[in-house]
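Here is the structure we will look at, set down as structure tokens.
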Amino acid sequence: MTNRPFSSAPVTLLVAGSPGAAPCLPAPRPPGPLDPAAVRTALARTATRPGPPRNPAARPASRLPEFLLVELYRRYEPEALRTALRAVAPAPGTDPLWQRTVAGPAGLDGVLADLGRSLAAGAALRAVLVTDLRDGPERLFVGIAPGPPGHAVGLLERLREALAHPPEPVTVPTSALQRELLRQVLRRADHGGRHIEQLSWNWHGPLDTERFTAAWQAVFDRETVLRAAFDWEPDGSGEPWTVLHEHAVPEVTRHPHGGTDWDDLLAADRLRGFDLRRPALLRATLLDTPPTTDDGPTTRVLLTYHHAMLDGWSVRLLLQSFYRAYLGGGVLPGGERRPDLRDHARWLDSQPTLGAREFWATRPEPAALLPLAPDPRRRGSGRARRRLTPYEAVRLRGWAAAWGAGESTALQAAWALLLYRAAQHDRPRRPARPVRVGFAVTVSGRGIPLEGVDRLPGTLRTPLPISVRVHPGATVPQLLGALRDTVLDLASYEWVSPGQAERFGPGGRGRRPNSLVVLEHRPMSAHQLRLETDLAAHGIHVESPVPAGTLTSYPITLAAHYDASGGLVLTTTHDRALLADQDAAELLSQSAHLLRSFPDLPDGLSTTEVLRSTLAGQPAPRPGEPLAPPDGGPPAVRLDVLHRATRPGAGWVLLLPPPGAACGGYPGDADAWPGPQALGVLRPDAEPAPPAAYRPVLAPLLAARAPLALVAPPGRGVTAYEIARLDPTGHPPLVVLLAADADPSALGPLLAR
């Protein structure tokens, strides 16, 4: 033990130790075990010893109360230290650990003086982790508020015990939706920004970065979901789980005007992704815009988050809390929000699946999905955007409401008509026929009987498959009613994940849609107007957040949201390996054209007449061969992509399903596919499927000259050879025959050689 005078920090005692000490508070110099009796003796002597020398010119009133300072020479993880400090001397609403950067002894003295002021203000125990820019190593100090020596010794003892025996982390089971999202991300060597979502808006008026960060820290302290992360076994076995941390620090980065381009910032931040094992799966980025004299300063704000932990509804809820904290100077009153993800996990665990299984098993299967044209030469994701003016958006909303539906149903009707038109493309000289088309829609996941679920942040928004029968003689309002009723039928099963709906489908495996339609909704808040008024009193005006578009697991996603002026913005995001940019742009343009045309449709106009009058001369959305075969023709074959290639030019491994399992599973564990090739399953719509039915799917892959292997289980060898002989390029695919008990995942290293 030693007294150490600091120029500005009135330190009474410094207890130091050696780096090799046992997991407890460091020992006095020279190194040795911490002796509570010796600490009491030293404190008793300190009580009668004069304090550190003071500047004679300083006024006595400015001197801070002396406090006990302990320097820990053993390295502790900040999260472990925070947990121990909170356990020993909890201080609600404050962070017990500061992290500061200094340059030399003068900076260190200033930090320790700040620590003393904090302790004098009422904190009993607080630590500071200091990084010196001059010599590099971190130094960790723990300060104890002034008081009786026995009180300080007791705090030291409890802190040593808490550090020596840290509590077990709190874990929560992940939901089925989270597990599916994590599998899609973790099995990819390059996630490509998949399931990374972004919201951006303009902040007009002054923006204090420290206050902005403190406000988010207050929200992090209140919201369990912002302090949560995922973990899983290193070998990939078992299911991942959610870990709840005691503390998480928000990441806030500010760029000056001219420091980076906005579009480049969006793309780079999306591709950066997240470390899913660490908390704070949400971060904020600020970009200053050119200064103006009329409106004052403007800052563009970007929130980036991972859909495996949060959805758009949740982030808008968190924003409301953030604004309250910002107005309160970085303080948010109240404790942790309940219910939270722990309550939601318990509710999910209590749900019986029998009713959901019966519901999905009786759902009609679609006959036509969006046709695709896979091409491994195309890489990355594409985005396109169209906009309906506020006048057009109001007319569409009023037209849909007159038929008992919403604009989301109108958006689904436009997409269903495009899929129906694609299915009729091969029948130009035949009468139009009814076709059941299929795609996925999103449900909020908050229509469940859990109290307070509408204010619960988490991953609740779920994409679920639907199908609707489009009849050539029916009207668009009749199609609206069918879609509305279909989506309402999902209300009792909003908690079901897409994978569960697929497994619960007919035959144990439903038909997975390859397109998703989304209308972004904003949570309503009675306090929103008051928040806007209070912000305006500080000279601040914030615009409504705008989603940037998310690359999902679907080949193409059509999303709609309202902008600040009331216009309806339509955005498509698509996987270029499965859909070309021009095809996605054409689908988007035709969707927008149909939505503009709906309010002007005469009553009684049939579906066929609507398509003929509104889309005459425009190409049908037929990037690949239609998946619904014409009457009397061979069954169509679709390619289900299970895993993408881990590098360009790696090629494809295509699995033929076992006989009698065209829509069923496949032997072995396909989830364990190591790559580098892309892995897919060729699924005919019906049996028997002649070799010629496979030509439309294989033609673009063979034309790309990428390596290609056909893998056939017992009973499919002859079919595989006949398919390979149809190759017109002179480079037929390799045919691999599997034994009855073979595992397809073992083919990766073999084919790579």
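Here, residue 1 is the first one in the sequence, and each next residue gets the next number.
Put simply, the side chain of Arg270 never gets that close to the backbone of Arg194: no donor and acceptor are under 3.5 Å apart. Judged by distance alone, with hydrogens and angles left aside, the side-chain atoms of Arg324 form no donor-acceptor pair with the main-chain N or O of Ala215 at under 3.5 Å. With hydrogens and angles ignored, the 3.5 Å screen pairs a side-chain donor or acceptor of Thr459 with a backbone N or O of Ala308. In this structure a side-chain-to-backbone donor-acceptor pair under 3.5 Å is missing from Ser314 to Leu310. The backbone N or O of His245 lies less than 3.5 Å from a partner atom in the side chain of Arg227, making a donor-acceptor pair. Between the side chain of Arg179 and the backbone N or O of Thr174, at least one donor-acceptor pair lies under 3.5 Å. Under the 3.5 Å distance criterion, the side-chain polar atoms of Gln320 are left unmatched by any main-chain donor or acceptor of Leu317.
Between the side chains of Ser444 and Arg461, not a single donor N or O lies within less than 3.5 Å of an accepting N or O. Looking at Arg222 and Gln217, their side chains never bring a donor and an acceptor atom within 3.5 Å of each other. His255 and Thr260 are not linked by any side-chain donor-acceptor pair at a separation below 3.5 angstrom, with hydrogens and angles left out of the test. For the residue pair Glu246 / Thr83, no side-chain donor-acceptor distance below 3.5 Å is found, with atom types taken as modelled. Side-chain polar atoms of His541 and Glu532 form no donor-acceptor pair below 3.5 angstrom. No donor-acceptor contact under 3.5 angstrom links the side chains of Arg530 and Thr533, judged on distance only.
Put simply, the side chain of Leu265 reaches to within 4.5 Å of the side chain of Thr285, judged on heavy atoms. Residues Arg158 and Leu155 meet the side-chain proximity criterion, which asks for heavy atoms closer than 4.5 Å. Side-chain contact between Leu108 and Asp132 is absent, with no heavy-atom pair separated by less than 4.5 Å. A 4.5 Å side-chain heavy-atom check between Leu125 and Val142 finds at least one atom pair inside the cut-off. Side-chain contact between Val111 and Phe141: absent, with no pair of heavy atoms (C-beta onward) separated by less than 4.5 Å. Contact of the Leu302 side chain with the Gln198 side chain is registered, since non-hydrogen atoms from C-beta on lie closer than 4.5 Å. Val225 has its side chain within reach of Met309: a pair of non-hydrogen atoms, C-beta onward, lies under 4.5 Å apart. Inter-residue side-chain proximity for Gln184 and Thr552 is flagged as unmet; no heavy-atom pair is nearer than 4.5 Å.
Taking the six-membered ring where the residue is Trp, Trp203 and Tyr323 present tilted rings, their angle falling between 30° and 60°. Ring orientation note: the planes of His195 and His307 are tilted relative to one another, at an angle of 30° to 60°.
A salt bridge is defined here as a Lys NZ or Arg NE, NH1 or NH2 lying under 4.0 Å from an Asp or Glu carboxylate O, and Arg278 with Glu251 fails to meet this definition. Using a 4.0 Å cut-off between a side-chain N of Lys or Arg and a carboxylate O of Asp or Glu, Asp311 and Arg316 do not qualify as a salt bridge. Between Arg338 and Glu451, no side-chain nitrogen of the basic residue sits less than 4.0 Å from a carboxylate oxygen of the acidic one, so the salt-bridge criterion is not met. By the 4.0 Å N-to-carboxylate-O rule, Asp343 lies close enough to Arg346 to be salt-bridged with it. Contact check on Asp114 versus Arg100 returns no salt bridge, with no Lys/Arg side-chain nitrogen under 4.0 Å from an Asp/Glu carboxylate oxygen. A salt bridge does not link Arg277 with Asp275: every distance from a Lys NZ or Arg NE/NH1/NH2 to an Asp or Glu carboxylate oxygen is 4.0 Å or more. One finds a salt bridge joining Arg337 and Glu223 here, because a Lys/Arg side-chain nitrogen approaches an Asp/Glu carboxylate oxygen to under 4.0 Å. In this structure, Arg254 pairs ionically with Asp288, as a charged nitrogen and a carboxylate oxygen lie closer than 4.0 Å.
Closest approach of Pro206 to His538, counting heavy atoms only: CG-O, 4.0 Å. Contact between Ala284 and Phe212 at its shortest, heavy atoms only, is CB-CE2, 3.9 Å. Shown here for His257 and Pro290, the closest heavy-atom pair between the two residues is CE1-CG, 3.1 Å. Closest of all the heavy-atom pairs between Phe220 and Ala248 is CD2-O, 3.7 Å. In this structure, Leu97 and Val128 approach most closely via the heavy-atom pair CD1-N, 4.1 Å. Among all heavy-atom pairs drawn from Ala123 and Ala145, the shortest one is O-CB, 3.3 Å.
Cation-pi geometry between Arg300 and Trp262 is met: under 6.0 angstrom from the ring centre, within 45 degrees of the axis.
Among Leu318, Leu199, Ile196, the one residue that satisfies the side-chain contact (heavy atoms from CB on, under 4.5 Å) test with Tyr305 is Leu199.
Distance check, rounded to the nearest 0.5 Å: CG of Asp269 to OG1 of Thr253 gives 8.0 Å. The OG1 atom of Thr171 lies 11.5 Å from the CZ atom of Arg342; values are rounded to the nearest 0.5 Å.
The distance between the ring centers of Trp216 and Phe322 falls below 6.0 angstrom.
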